[in-house]
Every structure is written in structure tokens, then in C-alpha cells.
Amino acid sequence: MRLPRLTDVSLYSICFLVLAVALVDLRWLHWFSFADNRLADMLVKQHAQSRLPDPDIVWVDIDNHSLTDMDDKVGRFPWPRYVYGELIEELNRQGAKAIVFDVELYEPDIQRLLDDKVLNEVVLGTTNTFFPMQRLDPLNAEEGIRLADYAKALDLKARGTPDPNARVPLELPSVIDRSAWGRTGLINFREDDDGVGRSYWLAQDVGGWLIPSLPARVAKSLGYTVPDGFAVPNGNAFMLSWVRGGQFPHTRVSFSDVYTDLQKEKRQRPPNEFAGKVIIVGSSASYLRDFRVTPVSSLMPGVEILATAIDNLKRGLILTQAPRRVSYALVVVSFLMLLFALKRRWNLVQIFGLLVLGTLVLVMAAYAALSSSLLLPVGVPLLFAWLFYFLAALRAYLRELRDRARTEGVLSRFLDPRLVKNLVAEGVKLEDIKSETRTISILFSDIRGFTTLAETRPAEEIVALLNRYFSMQAETIFHHGGTLDKFIGDAIMAFWGAPTDDVAHAEHAVACALDMAQNLERFNEDLAMPGVVLDIGIGIHTGSAVVGFVGSKRKLEYTAIGDTVNLASRIEGETKGRSRILASVVTREHCAELFEFRDLGEVVVKGRQAAIQVFTPTRRAAS
């Protein structure tokens, strides 16, 4: 079974097909979800410029400067753990609200165990220090720790009846005393299928055990509002609401600057610089390569993502994605508008305007919704609406190409191909050429004695001869701007004045007849067939005729009909014994100043009672 071509499919069919694909994709496939993501990323990035970061969240940055500067003081990174202990003591002395580490403390420093002990002594004297842990990808189901054995130490909550044998590979902060593990949380980067991180874990459910993220652990300890039971629509994760500043939005101080000042007898930094602040210790050093892709930056430090998550939970700036039914509604509404436009027979330019307007409205609505922490999924509905427009435009383009080719093919049968190309380039279509009554000049030409010749020569030779002759005379007709109506056996019918306007149609017809007579002389010379000398008769008449396409759907011919046509044919029949070219008095009157005519008197033609006067043009009149 042959599939229908795009040009044969109606716009209604295209509209309903694209709508069906859109609904199926939204419900099951999700192949085009990238449209929602890309548009949302653009809007979220722009909207972030209107939101200032929380000034009470400060990042102590292990930056490139710190790595270089601390070499002489404590050695190469990773630094001895007592360095972190001294920092914690100073931050607590200043009254920091929380101290959150985004630094790996997963393995003891076997070369400097005393340093780890110093850190632990400091940590155990605090209640506001928090440490990271990471979930690893398991190689098999039996790998990892049994959560039931660690639930108390990690202060894990349960959902329903947890699996007592549930296991998960975790990198725990083994450097820190187990009694402080209740202040740990996951810092796993949560990226979508396209590799972009747009949300942060609140908790991960493993066999009914809820392992909290570090931001959620900090937020709960500080009394911030966290969704109850970590029950959020995005699967135990929440959409991040980004803030102004791009790669480094939150207040940032160099670890080296803080630590160096700490060692001085006379301190230069403000004595209560970190009072009441949530301090996050992490790294932006390029050497440590802790960078991730987010909607606002392709090189966002992991610690800044952590800071943004804590900022969001502290201020309740959690983005909520609109329910999926909103996407369905937007798709249906957009296609109802397109169907309305089709019903009203709007052209593609009008539909384009409708889509541009609809796109602007939806994008502006999605941007405005971000101020209420609502993420509207408008990308997929817009994508499919524009997909419909693209297919409709492609269909129109292919139809235009097909119609142009058809128009060119039809017109080239009776007009000069060069003229046809110009007409088609100007947008002339077959339907634009209407049947109408025009004043035209008609030329009939017939080969004399052709029947006798055809009876004495092989058919192949006769056909070849005719083809050569017709090709030569057709080029002459086209050269003079004529319309080649048809070949009738060995006769030619042509006319001037339609379908293109030609005020000098009589002049062009007579000039063409004179050139056709000269062509015959050259043709006979080139023919060089013993006993074969062709002669022709040409009749020309000017008058009113009906011109237009006549025929069936399968075969159309552009022709002239009327008494003028019959009379031109009858005049051609009177050429024998009189002159090779005969023109009516009407034709002569239209171009008497341009050609010299010899009066051949009156003739009575078949089908007419009254005699008509005929003339033969001899040459162009002297100017």
C-alpha cells in the first residue's frame, strides 16, 4: 500500500496527527521533554537575576589561591585535619549558626592520625557541624552496608516497615566519630537525563529507609521548613530556585585568608564576621574539579549547588512543577486555536502570527509563574504547535513546487520556455489564466502536397522530416512571442495576444509568417532530398476569440475558439495559387504602417456567403 504524500494530506489531518503524537509523548514516551527543560532553563536563568542570595549563607572557599598559599603553612592538599578543627573552633567562637562541610572525610589519615583525633575532639564539642556522605553505584545487590545496622547512628527515618536486609554502598565520614554521624547527609549530584542538575535530593528511599541529603539534614536541624516525610512531587527531590550571581552567587571568602588571619596575634578580619551565619566549607579550585552543569552555569561548583539548596530550604523558595495535566491542557488549547485558524481559512502568514503571539503569551506566563515558585511546562506544547506549522509550511512549499512544475510543464507546450520561466517566477498559476474573450491574431500554416509525399516515403522518414520542420517553425513562433496552439497533422496553429498581453499581436503574427517563409527556403536547401521540395501556405486573421484551457483533468490544452479561428483557417486554404502568405483586411489594418501589403482581391471562403478581401505582406515598410 502506497503511503500518502505530504502534499496529498489535508491540513486537518496533519493537525490531528501532530496532536495525537504530542499527547502520546506527554503520557508515555517523553522524547520531547528536552523542550520543556531547555525553555525552563532559559527562564529560570533569567529569573535568577531578580533573586538575591541569602546574605547569611557564607562559603569558605578552598580556592586556587588557598591551595597555593597553604603549601608553605600546612603542606599540600589534602591538608592535615587539625586545620579544619581550628577553623571550626574559630567559627563557633564567632557564633556561626551552622558549619557544613563539603569536604571528603571518608578515610582516616593514616600518616597523621593525631590530626584526625584533634578534629574529632573539636567536632564532639559542637552540635552545629555537619558532614557529607555519598551513595555509590552498587556492583551487585549484596554490596554495601546493611542500613538496619546503621540506622541509629545515621539517624535514619523509616517509611512504613523498612527492609531489615536493605543494603546500599555508602561512603561514610569515617574520620568523624560515629556519635556525630547523625549530622551527616548525602551530597550526590542529581542530574536529569540530559546531564543538567535542576534539583537536589531531600532523601533517598532504600528499602523503606530514608537517607537524608545534607541540605535536608541542615535545614531540619536549624528548624527550617522541609516537606513532611520528604514527600515532594519530584520523587524525594525538590527543584532548585537559583539566585543571582551565576557561578558564585553566595558570599565567598578564601579559606586561606580566614586561616592565615586566624594564626595572627593581631587579627585583621572582623571579630564577628561569621556570627549567625550558615558556613559552608567547600572548594572551587580547578585542581579538585568539583564542577557541575546547571541551568545557570555549565561550571557550577558543587559546593555552590549545596549552598543554593540550603538557601532554598531556609527561605522556602522551592520550585514546584505544575502537574502534567497542565501540559495536556496547553497542547489541546493550542491545537484548538490552530483548528480555529484552519476553519477560518487563514493562510500560513496569519497562522504564523497566531503562533508568535501564542508563544509570547505562554513564555511570559511561564516567566511570571516563577515569581510564585511555579514551573509551567510550556516547551513541549509550543514545540508541537510549531511542528504543526513547520509541516503545514513544508506541505505548502512542496505543493507550490509541484504546482510550479505543473504550470511550467503545461505552459511550455504552447509558450516560449524562457517566457514561461519568467511567468512562473512571477507567481503565475494555471488557475490565474482564465477563459476570456480577447482580440487576437491567429496564424494557420499547412504543408502543401504533404499527403502525396507521405504516401511515397517511409513512415520513419516522414516523422523525422516533420519533427525537424516543426521544431524550426515552433522556435520562430516563440521568437516572435506567439502562443503555439497545436500541431494538426502537418499543419500549425498559433496566435498572438493571449495568454500574455500583446498590443502588437498583428505585427508579430505577420513578422512571424515572413520568417516562417524564409525558414522554408533554408529547410529545403538543407533537406537535399531528390524530388522533394516542400511548400507551405500561411493564413492570418485578426479578431475576437474565446481563449482558455479546454480539455479534461488529465489533459488540458490552451486554445482559441470562435469564428475568427475558422476564418484564419479558411484564409490559409486560399493561399494555393495566390500567395504563400495571406492576411485578412483586419490584420492589415492593425499593422499597415509596418509592412507593405499587396492587394490580392476578394475571395469567397467555405462557410461564408460574403467575399473577403485578402492581402499578402511582402516586406517591412521603410522607416
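Note that the coordinates shown come from a computational prediction; the quantities given were computed from them, not determined experimentally. Along the sequence shown, residues are numbered consecutively beginning with 1.
- For CD of Glu273, the number of neighbouring non-hydrogen atoms (other residues, nucleotides, ligands) closer than 6.0 Å is greater than 12.
- Classification of the Phe255-Trp79 ring pair by plane angle, with boundaries at 30° and 60°, yields tilted.
- A salt bridge links Asp311 and Arg315; the closest N-O separation between the charged side-chain nitrogens and carboxylate oxygens is under 4.0 Å.
- In Gln49, the CD atom is crowded: over 12 heavy atoms of neighbouring residues, nucleotides or ligands sit closer than 6.0 Å.
- No side-chain heavy atom of Phe335 sits under 4.5 Å from any side-chain heavy atom of Pro381.
- A salt bridge links Asp56 with Lys277; the closest basic N to acidic carboxylate O contact falls under 4.0 Å.
- Using a 4.5 Å heavy-atom cutoff, the side chains of Leu222 and Lys314 are not in contact.
- Counting heavy atoms of neighbouring residues, nucleotides and ligands inside a 6.0 Å radius, atom NZ of Lys73 exceeds 12 of them.
- Counting heavy atoms from C-beta outward, Pro132 and Leu214 have side chains that approach closer than 4.5 Å.
- Taking the ring axis of Phe248 as reference, the NZ or CZ atom of Arg252 stays within 45° of it and closer than 6.0 Å to the ring centre.
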Quiz prompt | Worked check of side-chain hydrogen bond (donor to acceptor under 3.5 Å, both in side chains) between Tyr259 and Glu86 | solution = CA-CA 8 Å; Tyr259 188 78; Glu86 292 179 359; 2.7 Å; yes
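- Between Asp36 and Gly379, the shortest heavy-atom contact is OD1-N, 2.8 Å.
- Of the options Arg217, Arg178, Lys220, a salt bridge (Lys or Arg N to Asp or Glu O under 4.0 Å) to Asp155 is made by Arg217 and by none of the others.
- Classified by interplanar angle (parallel below 30°, tilted 30° to 60°, perpendicular above 60°), the ring pair Phe352/Tyr389 is tilted.
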Self-check item: Test log, rule side chain to side chain contact (heavy atoms under 4.5 Å, CB included), inputs Ser283 and Asp290
Solution: CA-CA 7 Å; Ser283 173; Asp290 185 21; 5.6 Å; no
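- More than 12 heavy atoms of other residues, nucleotides or ligands shown are found within 6.0 angstrom of OH on Tyr12.
- Annotation for Gln263: atom CD counts as buried by contact number, over 12 foreign heavy atoms lying within 6.0 Å.
- The shortest side-chain heavy-atom distance between Leu202 and Val226 falls under the 4.5 Å cut-off.
- Partner of Phe131 under the ring pair (Phe, Tyr, Trp, His ring centres under 6.0 Å) criterion, out of Phe101, Tyr106, Trp181, Tyr84: Phe101 alone.
- By the 6.0 Å contact criterion, CD1 on Ile110 is open, its count of non-hydrogen atoms from other residues, nucleotides or ligands being 12 or less.
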Practice problem: Please report the C-alpha distance between Leu375 and Val44 in whole Å, then the side-chain angles of each, then the deciding distance to 0.1 Å, and finally whether the side chain to side chain contact (heavy atoms under 4.5 Å, CB included) criterion is met. | Solution: CA-CA 9 Å; Leu375 192 63; Val44 165; 4.2 Å; yes
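- Considering only heavy atoms from C-beta on, Leu306 comes within 4.5 Å of Pro215 through its side chain.
- Side-chain N/O atoms of Arg244 and Ser50 include no donor and acceptor closer than 3.5 Å.
- For Arg27 and Tyr328, the positive end is not near the middle of the six-membered ring at less than 6.0 Å and at most 45° from its axis.
- For the residue pair Asn92 / Asn128, a side-chain donor-acceptor distance below 3.5 Å is found, with atom types taken as modelled.
- Using a distance-only test at 3.5 Å, with no hydrogens or angles considered, a donor-acceptor pair links the side chain of Asn312 to the main chain of Thr308.
- Salt bridge Arg198/Asp194: present, at least one basic N to carboxylate O contact under 4.0 Å.
- Heavy atoms from other residues, nucleotides or ligands lying under 6.0 Å from CG of Asp193 number 12 at most.
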Quiz prompt | Worked verdict on Ser66 versus Asp63 for side-chain hydrogen bond (donor to acceptor under 3.5 Å, both in side chains) | solution = CA-CA 5 Å; Ser66 297; Asp63 53 8; 2.7 Å; yes
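- Contact of the Leu299 side chain with the Gln247 side chain is registered, since non-hydrogen atoms from C-beta on lie closer than 4.5 Å.
- The environment of NZ in Lys264 is crowded: more than 12 heavy-atom neighbours from other residues, nucleotides or ligands sit within 6.0 Å.
- With a 4.5 Å cut-off on side-chain heavy atoms, Leu19 and Phe384 do not count as touching.
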Practice problem: Begin from the C-alpha positions of Val60 and Ile280 and carry the test side chain to side chain contact (heavy atoms under 4.5 Å, CB included) through to its verdict. | Solution: CA-CA 6 Å; Val60 177; Ile280 304 174; over 6 Å; no
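- Defined by atom type and a distance below 3.5 Å, a donor-acceptor pair is present between the side-chain atoms of Arg183 and Thr129.
- Side chains of Val168 and Glu143 form no contact here, defined as non-hydrogen atoms less than 4.5 Å apart.
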Practice problem: Might you work through the side chain to side chain contact (heavy atoms under 4.5 Å, CB included) test for Leu113 and Arg81, ending with a clear yes or no? | Solution: CA-CA 9 Å; Leu113 291 175; Arg81 303 286 169 58; over 6 Å; no
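- Among Asp109, Leu124, Leu87, Ile176, the one residue that satisfies the side-chain contact (heavy atoms from CB on, under 4.5 Å) test with Leu119 is Ile176.
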